[in-house]
Amino acid sequence: SSMSFSQDMDDEYEKLIRRMNPPRVVIDNESCKNATVIQVDSANRHGILLEVVQILTDLNLVITKAYISSDGGWFMDVFNVTDQDGNKITDEEIIDYIQKSLGPDSSCFGRSVGVLSSTDYTTIELIGRDRPGLLSELTAVLSHLKCNVVNAEVWTHNTRAAAVMHITDQGTGYAIDDLDRLSRIKELLCNVLGSSHSREAKTEVTHVATHAERRLHQMLFDDRDYEQDRPKLLFDTVCTLTDMQYVVFHGSVDAEGPEAYQEFYIRHVDGSPVKSEAERQRVIQCLEAAIKRRVSEGLKLELCTTDRAGLLSDVTRIFRENSLTVTQAEVTTRGGKAVNIFYVREASGYPVDAKVIDSIRQVIGQTILKVKGNNSKERKQKVAQESQSKFLFGGLFKSRSFCNFGLVRSYS
């Protein structure tokens, strides 16, 4: 068809531009006293900023400053980054990975953002109404169906819960490809999720591995959850603007102090500016929601132990039996080891009782389950940073709360 022919021509044109203007990456540890400076130059296209930010945040690098410019057909970004401890990036393996991931021979600038392919595991995407014990029930079903959860990300926001899980067959250790079995898994998980008034619960099963945090943003955004220092703050905001089909053509980021500032000049992909007050309000609501999704409410617990079938189901069942609900979870298994992070709170809404945590640790194992950052100076400082974060969009006034967003009119 003429449409597919046009798309093929666009793809070929983009490849030609890339060959004529290959991406250039400069990593500099000399010019800045307290950060590594990464400069990326490339031919411009929609989504490129998100791809670069995604690679840096996936390496757990902290972006302390950034300058963004993508006027015309050229994209140029400068990032000041550190590791989680505030040090420059000196690990040669990480530096080499950044060069390969963003450089001229990388697949970064020609791929779809956040989408990977995998035959090692099956991806399950879930969204539904949040309630106490939901994660425990979902993982119990998967354990009963002889499915092992390899990795998982769970977010809750505005009465909704969303999860991206990578599962394998307990027997083979590989992806599940039996269609009847997959249909059964989907049916039983949907039964647990149930329906939630006007918005139905959804379960999707696929063999395409997605970038979990990107998908959680997309799922909750599609679910319209926005109607009701954080190291990955830039990823969250850029992800939302990209999915809303806006382009950041100029911007600056400063997160060196206790408060974070982001200033973006945005326009539609077709070059037109934000036109109405209603549209400005929608951008504000969506960005607020993107930031609040990741804010971790509750006590942080870290589980480190040898992985085994049903581990996640057992642990979340113990939480549920002790009246704790999981507000956020990150599940990782690698080399036979499981490292799971949970944010928990009392189902009733009261602060978590220290005695309850002690009894749970006795059941699971004192050295296996640890309370992270509880009552420490570091935790209090982090909370203060999260609650006082400030964001600027095209010259927004400096608010005292990250809930107070605003946009100025575009004159481009």
TODO: Would you sort out whether His166 and Glu153 count as a side-chain hydrogen bond (donor to acceptor under 3.5 Å, both in side chains), showing the intermediate values?
DONE: CA-CA 9 Å; His166 298 159; Glu153 287 271 359; over 6 Å; no
Open item on the list: Could you walk me through whether Thr36 and Asn29 satisfy the side-chain hydrogen bond (donor to acceptor under 3.5 Å, both in side chains) test, starting with their C-alpha distance in whole Å, then the side-chain angles of each, then the deciding distance to 0.1 Å, before giving a yes or no?
Closed with: CA-CA 5 Å; Thr36 298; Asn29 264 323; 2.5 Å; yes
Task: Test log, rule side-chain hydrogen bond (donor to acceptor under 3.5 Å, both in side chains), inputs Gln39 and Asp41 - done: CA-CA 7 Å; Gln39 180 174 326; Asp41 300 303; 3.0 Å; yes
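Put simply, the side chain of Arg361 gets close to the backbone of Gln366: a donor and an acceptor are under 3.5 Å apart. Looking at Asp85, its side chain never comes within 3.5 Å of a backbone N or O of Asn87 through a donor-acceptor pair. Remark: side-chain polar atoms of Asn322 are paired, donor with acceptor, to backbone N or O of Ile318 under 3.5 angstrom. Checking side-chain atoms of Gln54 against main-chain N and O of Phe235 turns up no donor-acceptor pair under 3.5 Å. For Ser42 (side chain) and Phe75 (main-chain N/O), no donor-acceptor pair under 3.5 Å exists by modelled atom type. Side-chain atoms of Asp169 never come within 3.5 Å of backbone atoms of Gly173 as a donor-acceptor pair (strictly under, hydrogens ignored). Checked by atom type and distance alone, the side chain of Thr82 never pairs as donor or acceptor with a backbone atom of Lys88 at under 3.5 Å. Checking side-chain atoms of Thr57 against main-chain N and O of Val53 turns up a donor-acceptor pair under 3.5 Å. With Ser183 contributing its side chain and Leu179 its backbone, the two residues share no donor-acceptor pair below 3.5 Å.
For the residue pair Asp28 / Ser31, a side-chain donor-acceptor distance below 3.5 Å is found, with atom types taken as modelled. Using a 3.5 Å distance cut-off with no hydrogens or angles, the side chains of Thr156 and Thr327 do not pair a donor with an acceptor. Under the 3.5 Å distance criterion, with hydrogens and angles disregarded, no donor-acceptor pair is assigned to the side chains of Gln328 and His157.
Looking only at side-chain heavy atoms (C-beta outward), Arg160 and Arg129 come within less than 4.5 Å of each other. The shortest distance between side-chain heavy atoms of Lys186 and Leu182 does not fall below 4.5 Å. Taking the side chain as every heavy atom from C-beta outward, Val37 and Phe79 never approach each other to under 4.5 Å. Side-chain contact between Thr237 and Ile291: present, with at least one pair of heavy atoms (C-beta onward) separated by less than 4.5 Å. Contact check for Val192 versus Leu134: side-chain heavy atoms found under the 4.5 Å cut-off.
Arg267 forms no cation-pi arrangement with Tyr246, by the criterion of a distance under 6.0 Å to the ring centre and an angle within 45° of the ring axis.
Interatomic distance, NZ of Lys65 versus CG of Asn80, reported as 7.0 Å (0.5 Å rounding). Asp130 contributes atom CG, which lies 5.5 Å from atom OG1 of Thr325 (distance to the nearest 0.5 angstrom). Considering NE2 of His250 and CD of Glu263, their distance stands at 11.0 Å, rounded to 0.5 Å. Rounding to the nearest 0.5 Å gives a distance of 9.0 Å between CD of Gln170 and CD1 of Ile176.
The pair Glu137-Arg131 counts as a salt bridge, with a side-chain nitrogen and a carboxylate oxygen less than 4.0 angstrom apart. A salt bridge links Arg308 to Asp314: at least one charged side-chain nitrogen sits closer than 4.0 Å to a carboxylate oxygen.
With sequence neighbours excluded, no residue forms a salt bridge (Lys or Arg N to Asp or Glu O under 4.0 Å) with Asp307.
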